[in-house]
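In this text the structure is predicted, and so the values were computed from the model without any measurement. Whatever order the structure lists ligands and atoms in, that order sets their numbers, starting from 1.
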Amino acid sequence: MSKPIFTSPTIIRRDINNDIVSPSSPTNKQMSLLTSAMNSPDNAATLSFPKEKIKVLLLENIHSVAIQNFKDQGFNVESLSSALSEDQLIEKIKDVHVLGLRSKTKVTAKVLAEAKRLMAIGCFCIGTDQVDLPFAESRGVPVFNSPFCNSRSVEKKSAELMIAEIIVLSRKIGDRSREMHNKVWRKESKNCHEIRGKVLGIIGYGHIGSQLSVLAEAMGMNVVYYDTARKLPLGNSKACPDMKSLLEMSNYVTLHVPDTEQTRNMIGKDELAMMRSDAYLLNASRGKVVDIAALADALKGGRLAGAAVDVYPSEPEANCNDWENVLQGCPNTILTPHIGGSTEEAQEAIGSEVSELITCFINTGGSEGSVNFPEISIPVSEETHRILNIHHNKPGVLRDINLILSEFNVSSQILSTRKQIGYIIADVDKEASKEIKRKISALPHSIKTRVLY
Ligand SMILES: NC(=O)c1ccc[n+]([C@@H]2O[C@H](COP(=O)([O-])OP(=O)(O)OC[C@H]3O[C@@H](n4cnc5c(N)ncnc54)[C@H](O)[C@@H]3O)[C@@H](O)[C@H]2O)c1
Ligand SMILES: O=C(O)[C@H](O)COP(=O)(O)O
């Protein structure tokens with residue numbers, strides 16, 4: 001049976017702009033912050049749960065700023081440099097309260113079913129396709145990522161990588177450099193071109209695609225884009241009505257879409273055949289977006305002038321020296337090991353942002369920045385205790401909760417729902433919090449209930 005959990009007495013305060021400012025210094029009476037977790041109704045909120053027992057497991061070499069932030073909260077942090085397989089994760093997840101990962105580790109429903117104590121997941125990257133988001137939602141586990149605000153450097157870095165690779169491909173620098181390392185001096189201008197005046201076709205005009213649009217236009221390129229959502233064109237860029245027209249007119253095609261049912265294999269043999277034979281394909285989105293066997297055929301058959309690939313249908317869980325792929329040896333082909341977000345600046349920004357979002361959720365219940373939860377928060381008060389309840393989104397649940405709350409004084413309350421769940425934060429009188437928590441936990445549709453002292 002799970003035990004009540006104390007979180008550190010640090011209260012995250014929000015200024016009038018709702019920005020997270022530096023945590024306030026704890027007062028004596030805040031010294032025993034209590035969070036009785038999970039849905040064990042008889043959870044006697046009496047024993048203190050040492051905050052250093054809040055277990056944080058970080059995978060895939062997450063930046064040290066996140067480790068430090070969690071340690072500053074008094075949490076027990078374990079950080080691994082590699083991803084974990086599903087079986088390894090099932091084994092380790094049993095007593096983990098916070099799981100941090102990047103793009104490799106797959107958090108499946110099977111893993112989540114074993115994660116009895118899991119309070120939150122942090123994707124210390126942009127993509128969240130590696131987590132079964134609907135199942136995590138149904139288990140009352142919010143997933144946080146670093147979509148854009150602090151990760152401007154990730155977008156910029158990914159966009160910068162694309163610009164660099166467009167130039168490298170145009171001048172065949174990859175091949176020339178490899179030859180020079182092998183004593184070959186081969187100076188030629190055949191099939192080498194400037195990028196000024198050429199057409200860049202961007203598929204996926206989101207944070208990264210739009211950043212790339214701005215950089216490409218600054219380099220004198222003409223930009224077109226295709227996106228399934230309506231997007232405001234930046235600069236002189238133009239939207240294409242369909243992907244086919246983009247593929248036919250572009251000298252360079254870059255991919256910046258998430259991994260979804262719709263985007264899987266969206267660039268296959270037929271789409272590659274629509275491209276000009278002197279065009280280049282660059283994929284820095286997700287590995288399953290491109291059929292790489294078809295891409296290798298097109299490159300080896302001279303039906304494409306070159307490619308840059310940063311992501312692959314399957315990728316090693318850690319650095320290795322025996323990686324093999326069908327694209328190896330293709331002409332004018334740049335292969336990189338999923339480094340679109342891998343700069344010190346980006347990783348520090350992401351580590352800081354995601355660890356702060358998770359800390360805020362644990363310490364105050366605020367869920368802004370989650371991708372699968374209702375995003376709600378209310379200012380923290382030292383005069384009350386806070387009830388956090390996650391429940392199945394069923395008719396009548398709010399009536400049942402408010403019936404319980406109506407017997408007590410509630411100083412502030414907020415509720416929001418998504419398809420599967422409802423999430424409520426209610427500040428109540430201190431002497432009533434234990435009984436309220438017991439009663440709300442016992443409701444048939446409650447998934448998780450916590451009390452913040
Ligand atoms: N290689 C790397 O290291 C690296 C770095 C960052 C992001 N990424 C990947 O790049 C993806 C994009 O990142 P972002 O921050 O720009 O995300 P984003 O959500 O801001 O943009 C994605 C865009 O793709 C569009 N889209 C979705 N499905 C589409 C479809 N079928 N056809 C056309 N457009 C479609 C969306 O409408 C959205 O505008 C991420 O999901 C991530 O998987 C990879
Ligand atoms: O989703 C992302 O942000 C990128 O794919 C980067 O992933 P990484 O953190 O595993 O490098």
Side-chain angles (χ1 to χ4, degrees), residues 58-63 66 81-83 100-106 122-131 133 143-162 164-165 201-214 224-234 239-247 253-267 271 282-290 308-313 315-319 334-344 346-351 353-354 371:
L58 302 179
L59 306 175
E60 301 182 57
N61 209 15
I62 288 170
H63 194 278
S81 58
S82 70
L101 48 108
R102 292 173 59 177
S103 64
K104 303 271 175 319
T105 301
K106 306 301 175 209
C123 290
F124 285 75
C125 55
I126 290 177
T128 54
D129 52 275
Q130 58 276 35
V131 180
L133 295 176
V143 177
F144 298 88
N145 76 333
S146 174
F148 46 90
C149 36
N150 264 2
S151 62
R152 274 188 64 77
S153 55
V154 174
E155 296 152 22
K156 277 227 178 344
K157 292 293 173 286
S158 298
E160 283 177 358
L161 178 68
M162 289 290 96
E165 292 184 327
I202 297 173
I203 299 177
Y205 203 66
H207 301 122
I208 295 174
S210 55
Q211 286 276 339
L212 174 60
S213 175
V214 173
V224 295
Y225 62 89
Y226 168 69
D227 198 304
T228 42
R230 280 180 63 81
K231 293 286 179 176
L232 187 70
L234 298 184
C240 282
D242 51 58
M243 193 167 77
K244 182 171 182 293
S245 55
L246 181 144
L247 293 171
V253 174
T254 62
L255 298 166
H256 308 283
V257 295
D259 178 357
T260 64
E261 287 300 317
Q262 295 71 33
T263 63
R264 219 148 286 158
N265 280 317
M266 80 190 290
I267 302 294
E271 291 71 25
L282 298 93
N283 183 20
S285 63
R286 282 289 182 266
K288 291 177 182 169
V289 171
V290 175
V309 179
D310 188 45
V311 286
Y312 308 85
E315 300 180 1
E317 290 170 1
N319 289 344
I334 304 166
L335 302 180
T336 47
H338 202 144
I339 55 171
S342 295
T343 64
E344 291 185 15
Q347 289 308 311
E348 181 171 0
I350 292 170
E353 178 185 21
V354 178
V371 296

Open item on the list: Considering both backbone and side-chain atoms of Gln347, is one of its nitrogen or oxygen atoms within less than 3.5 Å of a nitrogen or oxygen in ligand 2?
Closed with: no
Open item on the list: I need the Glu315 CD to Lys104 NZ distance, nearest 0.5 Å.
Closed with: 4.5 Å
Open item on the list: With a 3.5 Å distance limit and no angle check, can you tell me whether Tyr205 reaches the backbone of Ala239 through a side-chain donor-acceptor pair?
Closed with: no
Task: Atoms in ligand 2 flagged as close to Arg286, the criterion being non-hydrogen separation under 4.0 Å - done: 1 (O), 2 (C), 4 (C), 5 (O)
Task: Part of Asp310 within contact of ligand 1 (heavy atoms, under 4.0 Å) - done: side chain
Open item on the list: Arg286 and side chain to side chain donor-acceptor pair (under 3.5 Å): which single residue from Asp259, Asp129, Asp310 fits?
Closed with: Asp129
Open item on the list: Is there a polar contact between ligand 2 and Glu60, counting only N or O atoms under 3.5 Å apart?
Closed with: no
Open item on the list: When you compare ligand 2 with Gly341, is there at least one nitrogen or oxygen pair between them that comes in under 3.5 angstrom?
Closed with: no
Open item on the list: Would Thr228 count as a contact residue for ligand 1, given that I'm defining contact as a non-hydrogen atom of the residue lying under 4.0 Å from a ligand atom?
Closed with: yes
Open item on the list: Polar contacts were defined as any N/O atom of the residue lying under 3.5 Å from an N/O atom of the ligand; does this apply to Ser285 and ligand 2?
Closed with: no
Task: Per-atom contacts of ligand 2 with Gly127, taking only distances under 4.0 Å to non-hydrogen atoms - done: 1 (O), 2 (C), 3 (O)
Task: Cys125 to ligand 2, any heavy atom closer than 4.0 Å - done: yes
Task: From the candidates Glu315, His63, Gln130, His338, the one that places a heavy atom nearest atom 4 (C) of ligand 2 - done: His338
